[in-house]
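Read the structure below first, then the notes.
Every chain is numbered from 1 and lettered A, B, ... according to where its sequence line falls, protein lines coming before strand lines. Basis for what follows: all heavy atoms, side chains included, without hydrogens, waters or symmetry-related copies.
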Amino acid sequence: MAGWHLIGRRLVQLIPIVVGITIVSFVLIRIVPGDPATLILGNHYTPEGAAQIRKSLGLDQSVIVQYGRFLRSALTGSFGHSYSLDASVGHLISRGLGATLFLIAMAGFFTALLSIPIGVFAGLHRGGIFDQSTRVFLLIGFALPGFLLGVVLILVFGVKVPILPINGYGTGFLSHVRHLILPSITLAIPFSTVLVRSLRSSVIETMSADYVTTALLKGIPWRRVVLRHIVRNAGMSVVVVFGVNLAFLVGGTVVIENVFSIPGLGSLLVNAVSTRDYPVVQGLTLFFALFVLLVNLLTDAVHIAIDPRLAAG
Amino acid sequence: MFVLERPAARIAASSRRRLPLPSRLRGRFSLILGTVILLVLALACIGAPLLTSYSPTAIDAINPLAPMFSKGHLLGTDEFGRDVLSRVLYGGRYDLAIAFGATAVTLIVGTLVGLVAGHVGGRTDTVIMRIVDLFFAFPFIVLVIAIIASLGSSLINLFIALWVVSWVSYARIAHGQTLSANRYGYVVAARALGFSHLRIMFVHILPSVLPGVIIFAMVDAVGNVLLGASLGFLGVGIPQPTPEWGSMISEGQNFILSNWYLSIMPGAALVLLGVALSLIGDGLSDLLRPAR
């Protein structure tokens, strides 16, 4: 019961943030220096074309009316109309969303696969050889730009030892999985450094917790204490850190999709920037923020569900 | 980002306690190694004209794609015959400028905002921290790209975008630390003595806020460099033909099979800069963190 109450309170807190997000996304297109219509048309400038763009952007109306139109388009899911692709932004988003979600899910899977064993083991054997080498991995993994790692992986696994596809998204579930192996590993390595760090310190902290000492004094074997008490507690920190840093992972997809030519939201965003397709940039910015908020809410819910201490207050 | 879940309060509350020797030694070692790497990189980039006689943008049509160690070109040339070593050195200036220019401003502004919000409290605090929450909903790179898309791509607009977006992390850290400092005995005492708000904020609270934000600044500097390079890689950062490590990696990608060093050399420089900054951050946190 108390858990639902907590989630309800989160939801209420979200309302001003969602309003703020729509305002920020709305203002973005208004900071274009000069006349957006002139910029969009570039060499193809004609007074009629410019007038039409101003009309479709709603620039000929008052700011309040413009914001109202923007809100309405967001609520109906159309998010405005693209200039260069002749489709509603909502339609473009729904076309690219699948690939991006698939990529995020696989990257999350590889991150967990990589960071949970490393983090727990390094924490349990603090100061040992493995822990010391983990520091080197953390140091380089964090400073390694994802796109450079992607380029190197393309060179090694796509060209020298061509066992995996290096671009595109494929068709059908298994083909999607094959196409996304390299991109999701590229995302998982830098992201797992963040998780390993917090897992390691969470394990170290838990080892000196009262309930671990109690469990040991009760005569429960060490292996079981590790699995039932320490790893379980560390698992919660994974959920929390994952939620807090999700925006970092989503941001990573923007870059990595472009490295591997995956037709997701990140590729859509970068293409829209190069064609000065402002409604698409604006709609995507808003969509990305709403997406992060939604997932944060879900991780909160999961955290509340698996950690009874939170619901107990 | 991961510094956020480590309570900054603990960092400061016991920063005066002596740490066990191994931790202090390791901290000092990381700090010195990181500083040395950073200084060498910075000197090489600033003193680029002394180290190479080539202009980073001079095109040599007769000599494109020269291999490494070829005559006169230690790291070879790119597809336009431009000297790679000179491009890496001159390009580093931009990445270093991002590391320090972008980070220094957000460090100061964000810390001040968090400090004031935490100290003043009340409705001001709520409003400011809600704005901070709001920024955290956007993936930083998406917001930066969107701002640059509107303003146009140039070095100064890249700075503006980073300034607008990343002060919020410092505000959040400084805010949390200020809230706990408000309860410390000496802060309560200073307030009881009737000291001015400014004096309490800067003399009493700020010193306990600083370790947390400075350690985070090193992590953030790495993040800013990678972000700047990512934008260069995506072609929305600093415009051509200015050399910048991210855009050099992107250009070299087309020749990755025959001339791998075109991408890997600027990439290695980028990683080295990131490692140096992380080492400094790790060293500082080893030295300033409380003993467990």
Heavy-atom distance under 4.5 Å to chain B: side chain of A:L195, backbone, both or neither? neither
Proximity breakdown for B:V275 and chain A, heavy-atom pairs closer than 4.5 Å: both
I need the B:S250 OG to A:N258 CG distance, nearest 0.5 Å. 10.0 Å
Is it the side chain or the backbone of A:V270 that comes within 4.5 Å of chain B heavy atoms, both, or neither? side chain
With the threshold set at 4.0 Å, does a side-chain nitrogen-carboxylate oxygen contact exist between B:D125 and B:R130? no
Chain A contacts, top residue of B:L234, B:I141, B:L270 (heavy-atom pairs, under 4.5 Å): B:L234
Can B:R172 and B:D133 be said to form a salt bridge (charged side-chain N to carboxylate O under 4.0 Å, His left out), step by step? CA-CA 9 Å; B:R172 199 176 254 187; B:D133 288 345; 2.8 Å; yes
Go through the atoms of B:S30 and report whether side chain, backbone, both or neither lie under 4.5 Å from a heavy atom of chain A. side chain
Output field: ring centroids B:F255/B:Y261 closer than 6.0 Å: no
What part of A:V259 lies closer than 4.5 angstrom to a heavy atom of chain B: side chain, backbone, both or neither? both
CA sep, side-chain torsions, deciding dist, call: B:F138, A:F288, ring pair (Phe, Tyr, Trp, His ring centres under 6.0 Å): CA-CA 7 Å; B:F138 293 94; A:F288 271 119; 9.8 Å; no
Before giving the answer on side-chain hydrogen bond (donor to acceptor under 3.5 Å, both in side chains), spell out for A:S82 and A:D277 the whole-Å C-alpha distance, their side-chain angles and the decisive distance to 0.1 Å. CA-CA 6 Å; A:S82 158; A:D277 200 338; 2.7 Å; yes
Main-chain N/O of A:A209 paired with A:T213 side-chain donor or acceptor, under 3.5 Å: yes
In terms of heavy-atom pairs under 4.5 Å with chain B, which of A:V281, A:T285, A:V250 leads? A:T285
Which members of residues 147-156 of chain B, sorted by number, sit under 4.5 angstrom from chain A on a heavy-atom basis? B:I147, B:A149, B:S150, B:L151
Residues A:R200 and A:D131 bridged, charged N to O under 4.0 Å: yes
B:E251 CD to B:L262 CG distance, which is reported to the nearest 0.5 Å: 9.0 Å
Best-contacting candidate, A:P145, A:G127, A:P190, against chain B by heavy atom pairs under 4.5 angstrom: A:P145
B:V225, B:V144, B:V222: which one forms the most heavy-atom pairs within less than 4.5 Å of chain A? B:V222
Please work out which of the three classes, parallel, tilted or perpendicular, describes the rings of B:F140 and B:F136, given edges at 30° and 60°. tilted
Sort A:L269 into side chain, backbone, both or neither according to what part of it lies under 4.5 angstrom from a heavy atom of chain B. side chain
Which pair of heavy atoms, one from B:G281 and one from B:I215, lies closest together, and at what distance? O-CG2, 4.1 Å
Okay, B:L277 and chain A: the region with an atom under 4.5 Å from a heavy atom over there is neither
Can you say whether A:L155 sits under 4.5 Å from chain B via the side chain, the backbone, both, or neither, judging by heavy atoms? side chain
Top contributor to chain A interface from B:S230, B:G235, B:G246, B:G267 [non-hydrogen pairs under 4.5 Å]: B:S230
Is the shortest heavy-atom distance from the side chain of B:L284 to the side chain of B:P211 under 4.5 Å? no
